[in-house]
**Q** 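Take this structure first; my questions come after.
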Amino acid sequence: MGNSKSNFKELTPELLDEYTELTYLSKSEIVYIYKLFKQADSKNINNDINYRLSMENVLKIIPHLRHNPFRESIFRVFSSRKDGKMGFEDLLDLCSALSEKCPETVRSSWAFQIFDFDGDNQISLDDLIESVERLTGFENREAKIDRHSAELIAQLALDELDIVQCGCISQQEFIHNISRMPDFSHTFQFMP
């Protein structure tokens with residue numbers, strides 16, 4: 001959906017029906033997200049759905065992301081133009097993927113892309129080290145955890161999650177492992 005070339009100025013009933021069909025969001029949730037989108041940068045948007053919000057403006061709409069250690073990766077994954085900005089349909093994709101009605105397999109596919117920092121369709125040891133560093137935090141742009149400790153933790157995770165023992169985690173392996181984690185559904189969701 002994020003790659004659509006819609007040219008509309010206002011959210012019509014027909015578009016609302018279409019978005020309801022294409023997402024896991026209700027009509028009222030879509031209308032609410034649209035109102036937030038319009039308010040985020042009202043000076044520039046002028047009801048133009050094709051307008052792209054900066055990261056800072058998206059963080060005004062979805063403050064949950066402000067302190068999320070994977071914020072930049074989320075923007076990379078959900079920005080359809082890969083420009084660090086989000087249009088209305090990108091926001092719908094994000095909110096749909098993280099809604100409680102989104103099936104776990106779909107949500108875990110999005111999560112896989114977020115953890116695949118280098119975008120090579122596999123989660124490698126380097127991707128896991130990046131995850132560990134992000135989860136433990138940064139201070140003055142330096143990871144709070146030392147590199148050796150991050151590598152040890154990442155290697156333990158890789159050993160546990162790499163089912164076929166190829167040195168990386170495929171999307172299928174990731175989804176399989178996520179299905180065994182009962183808290184995933186509750187921790188990988190939000191609604192603005």
Side-chain angles (χ1 to χ4, degrees), residues 1-117 119 121 171-172 174-192:
M1 184 175 66
N3 294 324
S4 174
K5 300 264 193 228
S6 304
N7 281 321
F8 65 94
K9 292 284 188 188
E10 198 60 52
L11 188 60
T12 65
E14 295 79 24
L15 281 170
L16 187 56
D17 288 340
E18 184 179 333
Y19 288 142
T20 305
E21 287 283 321
L22 294 172
T23 68
Y24 300 105
L25 301 170
S26 67
K27 287 183 181 183
S28 61
E29 290 169 328
I30 294 168
V31 168
Y32 178 70
I33 294 165
Y34 181 67
K35 286 180 182 178
L36 290 175
F37 174 77
K38 286 175 37 174
Q39 292 171 0
D41 193 359
S42 58
K43 175 174 80 171
N44 293 314
I45 290 177
N46 266 349
N47 296 328
D48 181 3
I49 291 296
N50 293 313
Y51 184 78
R52 302 188 56 76
L53 296 174
S54 67
M55 183 186 289
E56 191 58 41
N57 281 328
V58 172
L59 294 176
K60 288 178 190 174
I61 296 173
I62 309 174
H64 305 69
L65 293 177
R66 184 168 300 284
H67 300 289
N68 187 309
F70 299 96
R71 178 181 58 245
E72 290 84 8
S73 192
I74 291 168
F75 270 83
R76 174 185 49 81
V77 169
F78 287 96
S79 174
S80 59
R81 294 185 189 166
K82 308 300 180 212
D83 60 358
K85 296 179 180 181
M86 288 190 182
F88 177 65
E89 290 182 355
D90 297 332
L91 287 172
L92 287 183
D93 285 341
L94 172 62
C95 292
S96 178
L98 298 177
S99 78
E100 65 181 24
K101 292 178 259 174
C102 183
E104 192 169 297
T105 55
V106 174
R107 199 175 321 163
S108 57
S109 291
W110 284 108
F112 175 84
Q113 292 179 53
I114 291 168
F115 284 97
D116 179 17
F117 291 99
N121 292 321
Q171 185 168 357
Q172 190 174 19
F174 184 84
I175 291 169
H176 170 76
N177 282 302
I178 289 293
S179 71
R180 300 181 347 194
M181 299 176 183
D183 289 342
F184 174 74
S185 292
H186 303 294
T187 58
F188 199 77
Q189 70 174 327
F190 76 89
M191 186 60 201

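Remember, predicted model here, so these are calculated numbers, not experimental data.
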**Q** Taking the six-membered ring for Trp, are F117 and F70 parallel (under 30°), tilted (30 to 60°) or perpendicular (over 60°)?
**A**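 F117 and F70: parallel rings.
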**Q** Can you tell me if E29 uses its side chain to pair, donor with acceptor, with the backbone of S26 under 3.5 Å?
**A**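 Side chain of E29 to backbone of S26: a pair is present.
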**Q** Of all heavy-atom pairs between L25 and T20, which one has the smallest distance, and what is that distance?
**A**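 The answer is O-CG2, 3.8 Å.
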**Q** For a quick test of reading the model, state the closest non-hydrogen atom pair linking Q113 to R76 and the distance between them.
**A**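 Distance-wise, the nearest heavy atoms are O-NH2, 3.1 Å.
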**Q** About how many Å separate NE2 of H64 and CD1 of I74, when rounded to the nearest 0.5 Å?
**A**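 Output value for this atom pair is 11.5 Å.
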**Q** Heavy atoms only: give me the nearest I178-E104 pair and the separation to one decimal.
**A**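 Heavy-atom minimum between the residues: O-OE2, 3.8 Å.
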**Q** Please round to the nearest 0.5 Å and tell me the distance separating atom CD of E89 and atom OG1 of T23.
**A**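 One gets 11.0 Å once the value is rounded to the nearest 0.5 Å.
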**Q** Can you find a heavy atom in the side chain of M86 that is under 4.5 Å from one in the side chain of R81?
**A**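 No, every pair of side-chain atoms sits at 4.5 Å or beyond.
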**Q** How about F88 and Y19: are their ring centres within less than 6.0 Å of each other?
**A**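 Yes, the ring of F88 comes within the 6.0 Å limit of the ring of Y19, centre to centre.
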**Q** Show the nearest heavy-atom pair for residues G87 and F37, with the distance to one decimal.
**A**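 Scanning both residues, the minimum pair turns out to be C-CE1, 4.0 Å.
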**Q** If we only count heavy atoms from C-beta on, is the F188 to I114 side-chain gap below 4.5 Å?
**A**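 With C-beta onward as the side chain, the pair touches.
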**Q** Do S79 and R52 touch side chain to side chain, with heavy atoms closer than 4.5 Å?
**A**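 With C-beta onward as the side chain, the pair touches.
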**Q** Does some side-chain heavy atom of K85 sit less than 4.5 Å from a side-chain heavy atom of L53?
**A**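 No, every pair of side-chain atoms sits at 4.5 Å or beyond.
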**Q** Calculate, to the nearest 0.5 Å, the distance between atoms CD1 and CG belonging to I30 and D17 respectively.
**A**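 It is 9.0 Å, given to the nearest 0.5 Å.
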**Q** Does the side chain of Q171 reach to within under 4.5 Å of the side chain of H176, using non-hydrogen atoms?
**A**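 Answer no - side chains too far apart.
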**Q** For the CZ atom of R71 and the CG atom of L65, what is their distance to the nearest 0.5 Å?
**A**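 Output value for this atom pair is 8.0 Å.
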**Q** Closest heavy-atom contact between K60 and R66?
**A**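 What the structure gives for the nearest pair is N-NH2, 4.3 Å.
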**Q** Do R107 side-chain atoms and S99 backbone N/O form a donor-acceptor pair below 3.5 Å?
**A**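 Here the side-chain-to-backbone pair exists.
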**Q** Below 4.5 Å, heavy atoms only, C-beta onward: do L91 and I62 meet side chain to side chain?
**A**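 They are in side-chain contact.
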**Q** Rounded to the nearest 0.5 Å, what separates atom NZ in K35 from atom CD1 in I61?
**A**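 If we round to the nearest 0.5 Å, K35:NZ and I61:CD1 are 14.0 Å apart.
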**Q** Kindly say whether the aromatic ring centers of F78 and W110 come within a distance under 6.0 Å.
**A**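 Close enough - the centres of the two rings lie under 6.0 Å apart.
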**Q** Do S73 and F115 come within less than 4.5 Å of each other through their side chains, counting heavy atoms only?
**A**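 No, too far: nothing below the 4.5 Å cut-off.
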**Q** Would you indicate whether the side-chain heavy atoms of S54 and N57 approach each other to under 4.5 Å?
**A**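 Sidechains of S54 and N57: in contact.
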**Q** To the nearest 0.5 angstrom, please state how far the CG atom of D41 sits from the CD atom of E56.
**A**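 Between atom CG of D41 and atom CD of E56 there are 11.5 Å.
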**Q** Over all heavy atoms of both residues, which pair between D116 and N121 is shortest? Give the atoms and the distance, please.
**A**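 That would be OD2-N, 2.8 Å.
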**Q** Evaluate the criterion side chain to side chain contact (heavy atoms under 4.5 Å, CB included) for residue pair F75 and V58; output intermediate values, then yes/no.
**A** CA-CA 10 Å; F75 270 83; V58 172; 3.6 Å; yes
**Q** Okay, side chain of S96, backbone of Y24: is any donor-acceptor separation there less than 3.5 Å?
**A**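 Present.
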**Q** Return yes if some donor-acceptor pair links the side-chain N/O of T12 with the main-chain N/O of L15 below 3.5 Å, else return no.
**A**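 Yes, because the side chain of T12 sits within donor-acceptor range (under 3.5 Å) of the backbone of L15.
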